[in-house]
Protein chains: 2
Amino acid sequence: MHAEDHEEHTVPAASPSVDPAPLDALDRRLLTELAADGRVTNAALAKRLGIAESTCLQRVRSLRERGVVRGVHADVDLAALGFPIQAVIKVRLGSHNRDHVASFHQVLAHVPGVLRILHVGGEDDYLLHVAVSSTTQLRDLVLEHLNVHPVVRHTETQLVFEEIAGAGVL
Amino acid sequence: MHAEDHEEHTVPAASPSVDPAPLDALDRRLLTELAADGRVTNAALAKRLGIAESTCLQRVRSLRERGVVRGVHADVDLAALGFPIQAVIKVRLGSHNRDHVASFHQVLAHVPGVLRILHVGGEDDYLLHVAVSSTTQLRDLVLEHLNVHPVVRHTETQLVFEEIAGAGVL
DNA sequence: CTTGAAACCCCGTGCTT
DNA sequence: AAGCACGGGGTTTCAAG
């Protein structure tokens, strides 16, 4: 249990650095538990699944080393933190030149308030999930960080009324 | 470090059950650390911030009790788990009747593969972030779980090419 | 509200079967 | 993969500033 966590998400499109080791039922149960409570101790986890602690530790370690478990993060209430407003900003580009897109990525990843960047196909090019402290900040985010970028052709902002956890895949 | 985690997200729009206790700089530092690594031990956390372990423990406890920290969850690589395809499904409703919407919520929360449900204002009504094992499953999800619901007027699916972590608010 | 130290408890490790 | 014994470290509580 240490602070050796590297992250960075680039999820789909050819999973990176993930060994072709198929996950068995036990692995899936472990992941389910860890997704529900990332702070369970190894002992508690083992007991809950009815396996030996040594086995449990070994499995969990393997999952982390293979990158199946990317990290463990606290889920913070952004509203309580002073960012009560969330929005999704649809972004369409004017040029899909490879370099332009790459530089836009870099910009996006450093815009404060941006929680998650989804590069999508279809009508839009990007969907940005953002959290801000005020509508003024939301406007500033769009005007000062997005629309100023030459590759951005169009943005459209939708306020998030409610965010609900889905059933997930587990 | 136990298994006493209640969850369920309904983020913005009047933060629920959050006491008007303003978070000071120390709280914010703690949250930043916990968001980066939710498994840090209390001892390590205290040392990193230069405070006593007892103080650290008390602060973190308070943050959890006040709901500022909703929980700690493992970040699982869905592709490695067998769900390499992600998509965003825009959903528009035909009726915004309160009961219809409520029942639709219930349905959505139980559709397997749905990671996150955003109830938004604007052109769309819902944005669903989903993960599936194949395009066939994606089609089935839309046809069998969404379009069959009488309140759903229109859906539009966008494939996720890449998912990138934003800078966040911390 | 914070601190420091002490006591308890339990986690994680490695070895053996 | 399981069980056990050891050692170390984390958590917790207390009195005090």
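We name chains A, B, ... by the order of the sequence lines, and we start the count at 1 in each one. Since the model is a prediction, treat every value here as computed from it, not as a measurement.
Residue B:Arg61 has a polar side-chain atom (N or O) positioned under 4.0 Å from OP1 or OP2 of D:dT12. For D:dA2, the OP1/OP2 oxygens have a side-chain nitrogen or oxygen of A:Thr55 closer than 4.0 Å. Residue B:Arg59 has a polar side-chain atom (N or O) positioned under 4.0 Å from OP1 or OP2 of C:dT2.
The shortest distance between side-chain heavy atoms of A:Arg66 and A:Leu23 falls below 4.5 Å. A heavy-atom distance below 4.5 Å is not found between the side chains of B:Arg59 and B:Ile51. Contact annotation: the side chain of B:Leu49 approaches that of B:Leu30 to within less than 4.5 Å [non-hydrogen atoms, C-beta and beyond]. The shortest side-chain heavy-atom distance between A:Leu146 and A:Leu108 falls under the 4.5 Å cut-off.
If you measure from atom CG of B:Leu45 to atom P of D:dT12, you get 13 Å, rounded to the nearest angstrom. One can place CD1 of B:Ile51 at 13 Å from P of D:dT11, the figure rounded to the nearest angstrom. Per the geometry, CG belonging to B:Leu49 stands 18 Å off P belonging to C:dC1, to the nearest Å.
Residue-environment remark: NE2 (A:His110) stays at or below the threshold of 12 foreign heavy atoms within 6.0 Å.
Among C:dT3, C:dG12, D:dT11, the nucleotide with an atom closest to any side-chain atom of B:Arg39 is C:dG12. Closest contact between the side chain of B:Ala43 and the listed nucleotides C:dG14, D:dT13, D:dG10 involves D:dG10. Side-chain proximity of B:Asn42 to the nucleotides D:dT11, D:dA2, C:dT3 is greatest for D:dT11. For B:Leu57, taking side-chain heavy atoms from C-beta onward, the closest of the listed nucleotides C:dG12, C:dC11, D:dT12 is D:dT12. Comparing D:dA2, C:dT2, D:dT12 by their closest approach to the side chain of B:Glu53 singles out D:dT12.
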Item to check | Stepwise side-chain contact (heavy atoms from CB on, under 4.5 Å) check, A:Val40 with A:Arg48 | outcome: CA-CA 10 Å; A:Val40 230; A:Arg48 201 175 298 178; 3.8 Å; yes
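Checked by distance alone, B:Thr41 brings no side-chain donor or acceptor within 3.5 Å of a matching partner on the base of D:dG9.
Listed for the A:Arg28 side chain is no donor-acceptor partner under 3.5 Å among the backbone atoms of A:Leu170.
Among residue pairs with one or both ends in residues 80-94 of chain A, those qualifying as salt bridge (charged side-chain N to carboxylate O under 4.0 Å, His left out) are A:Lys90-A:Glu156, A:Lys90-B:Glu123, A:Lys90-B:Asp124, A:Arg92-A:Glu123, A:Arg92-A:Asp124; sequence neighbours excluded.
Taken over five-pair windows at either terminus, the axes of the helix from C:dC1-D:dG17 to C:dT17-D:dA1 are inclined to one another by 30° (rounded to 10 degrees).
The aromatic rings of A:His149 and A:Phe104 lie perpendicular to each other, with more than 60° between the two planes, well past the 30° mark.
Contact check of residues 24-32 of chain B against DNA chain D (heavy atom, cut-off under 4.0 Å) returns no residues at all.
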